[in-house]
Amino acid sequence: MVESIGATSLLRQSPVFGLHYCKNVGGKRREVGFVRIPRNEFLGGKLVCCSSLRGVGVCRPVMRLLVKAQAMGLAKEAYSYQDEERLPRNFNYGSDSGVDRKPGLWPPENRADNAALHNPLLRQERMGCGWLGAIFEWEGVLIEENPDLEKQAWLILSQEEGKSPPPTFVTRRIEGMKNEQAISEVLCWSREPSQLRRMATRKEEIYQSLQGGIYRFRPGSQEFVDVMIHYKIPIALVSTRPRKTLENAIAAIGIEGVFSVIVTAEDVYRGKPDPEMYMYAAQLLQFLPERCIVFGNSNQTVEAAHDARMKCVAVASKHPVYELGAADLVVKRLDELSIVDLKNLADIDSPEFGEPELEMEFEEEADLSSSTSVATDDDFW
Ligand SMILES: Nc1c(NC[C@H](O)[C@H](O)[C@H](O)COP(=O)(O)O)[nH]c(=O)[nH]c1=O
Ligand SMILES: [Mg+2]
């Protein structure tokens, strides 16, 4: 009976106007005119249609069909809204509900919250961020890194020292190590402490002159650091660069005061993949290692973080995503992460976040039989 040629609103996905026809009693097709269907309201499952439709010359069967069509559209819309954007009807707020949540549901799963906790203060503490520490690497995570410079610095040093140029597999092997460690343990150029110190310092000089003192945030990193600051999550900076280099770089980029703790090459014996730098950072932050999340950009960092009992988010800057599979999360930019992602990574389930067990208090029974004293009326006054 009815044909409708309608434009579709991009917003409401319902026809906003159309050319409608109906057939009269003789079966002849009759144009009934353009109709702008007024916005209807979907109240409590009933469709409330504006009376203005009646005044535009739409015959009753057409109007019934229009209303029915729109009702179906609205019902479908309401269903898909509930299905895709909101919680399913059988949503269980218990964190141990075992309900398989669909990815993308809101709110995202948050392991830190535990509705089964009886202690509201404990629950509130878990929902805050006071138990979470962040440990950032500098190059390739917070700031842009040019991996070629590091290789060039080693090449120039080898020429200056009269050594053979380190092949690629060797420079890869020393990625993340302290310079002294790389020179003595991998390159095997010397074991003498003063020589190690001299060569390590010279290599950093070469690197700095190649690098030129220009620092730039990686896309999304500054925003992520701002989120951390907003949530008062303490941040440690851990890098195998010398302290002076890092301090200059931090000042150049204008983020002095952001880091609660800075661990540099001078502070430790061994760089990555040894966990020493991360464990020291957690100690200075006064956090359990399990509550710290490391943000790095190499498998050496992932290994070091895991050996320190920390979770590791890898930023695929100089290594592609598929090479960083050992990390707990891999992102291309830090601002892909939410605070809930971090809370779901860090270990909330260690003992001090459980509800305190009720302790039975045993009062020592007074041994009346052995008592020699006898209470008199005077004892009460
Ligand atoms: N040797 C190679 C490196 N080394 C670079 C260091 O591992 C590291 O990036 C630097 O010491 C800065 O420390 P951090 O990232 O802030 O902790 N890098 C390469 O890309 N390739 C190498 O062969
Ligand atoms: Mg790095």
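We count ligands from 1, going down the list as the structure has it; atoms in each ligand are counted the same way.
- The ligand atoms of ligand 1 that sit less than 4.0 angstrom from a heavy atom of Pro147 are 20 (O).
- At a heavy-atom cutoff of 4.0 Å, ligand 1 is contacted by both the backbone and the side chain of Glu139.
- In this structure, Ser190 and Gln195 approach most closely via the heavy-atom pair OG-CB, 3.4 Å.
- At distances below 3.5 Å, not a single donor-acceptor pair connects side-chain atoms of Arg309 with backbone N or O atoms of Met279.
- When side chains are defined from C-beta on, Ile293 does not count as touching Ile135, because their heavy atoms never get closer than 4.5 Å.
- For atom 18 (N) of ligand 1, the nearest protein heavy atom (residue, atom name, distance) is Lys318 NZ, 3.0 Å.
- The aromatic rings of Phe295 and Phe136 sit parallel, their planes meeting at an angle under 30°, below the 60° perpendicular limit.
- A distance-only check finds a donor-acceptor pair linking the side chain of Glu276 to the backbone of Arg270 [under 3.5 Å].
- Any N or O atom pair closer than 3.5 Å counts here, and Asn297 shares no such pair with ligand 1.
- For atom 3 (C) of ligand 1, the nearest non-hydrogen atom of the protein is Glu150 CG, 3.2 Å.
- The shell of residues lying under 4.0 angstrom from ligand 1, judged by heavy atoms, includes Gly176.
- A salt bridge does not link Arg202 with Glu161: none of the charged nitrogens is closer than 4.0 Å to a carboxylate oxygen.
- Among protein heavy atoms, the minimum distance from atom 1 (N) of ligand 1 is reached at Thr171 O, 3.0 Å.
- Inclusion of Asn297 in the first shell of the Mg ion (ligand 2) is supported: an N, O or S atom falls under 2.8 Å.
- For Arg172, every heavy-atom contact with ligand 1 shorter than 4.0 Å involves the backbone, none the side chain.
- Look at Glu204 and Lys244 and you find no salt bridge, because none of the NZ, NE, NH1 or NH2 atoms lies under 4.0 Å from a carboxylate O.
- Taking the side chain as every heavy atom from C-beta outward, Gln208 and Asn248 never approach each other to under 4.5 Å.
- Nearest non-hydrogen protein atom to atom 10 (C) of ligand 1 is Arg241 NH2, 3.5 Å.
- What sits closest to atom 21 (N) of ligand 1 on the protein, heavy atoms only, is Lys151 CE, 4.0 Å.
- Glu137 has its closest N, O or S atom to the Mg ion (ligand 2) at the position named OE1.
- Scanning all protein heavy atoms for the shortest distance to atom 14 (P) of ligand 1 gives Ser239 OG, 3.6 Å.
- Residues Asn297 and Leu324 are not in side-chain contact: their nearest non-hydrogen atoms beyond the backbone lie 4.5 Å or more apart.
- Glu266 and Thr264 share a donor-acceptor pair across their side chains, judged by distance under 3.5 Å alone.
- The protein atom (non-hydrogen) at minimum distance from atom 9 (O) of ligand 1 is Glu145 OE2, 3.1 Å.
- Protein heavy atom at the shortest distance from atom 8 (C) of ligand 1 is Thr240 OG1, 4.1 Å.
- Distances from the Mg ion (ligand 2) to each N, O or S atom of Glu139 single out O as the nearest.
- Where the criterion is an N or O separation shorter than 3.5 Å, residue side chain and backbone included, Lys272 meets it with respect to ligand 1.
- Atoms of ligand 1 lying under 4.0 Å from any heavy atom of Trp138, numbered from 1 in the order shown and given with element: 16 (O).
- Under a 3.5 Å cut-off, the side chain of Gln211 and the backbone N or O of Ile214 do form a donor-acceptor pair.
- Checking only distances, Met177 never comes within under 3.5 Å of ligand 1, N or O to N or O.
- Of the N or O atoms in Trp154, none lie within a sub-3.5 Å distance of an N or O in ligand 1.
- Looking at Arg172 and Glu175, no side-chain N of the basic residue comes within less than 4.0 Å of a carboxylate O on the acidic one, giving no salt bridge.
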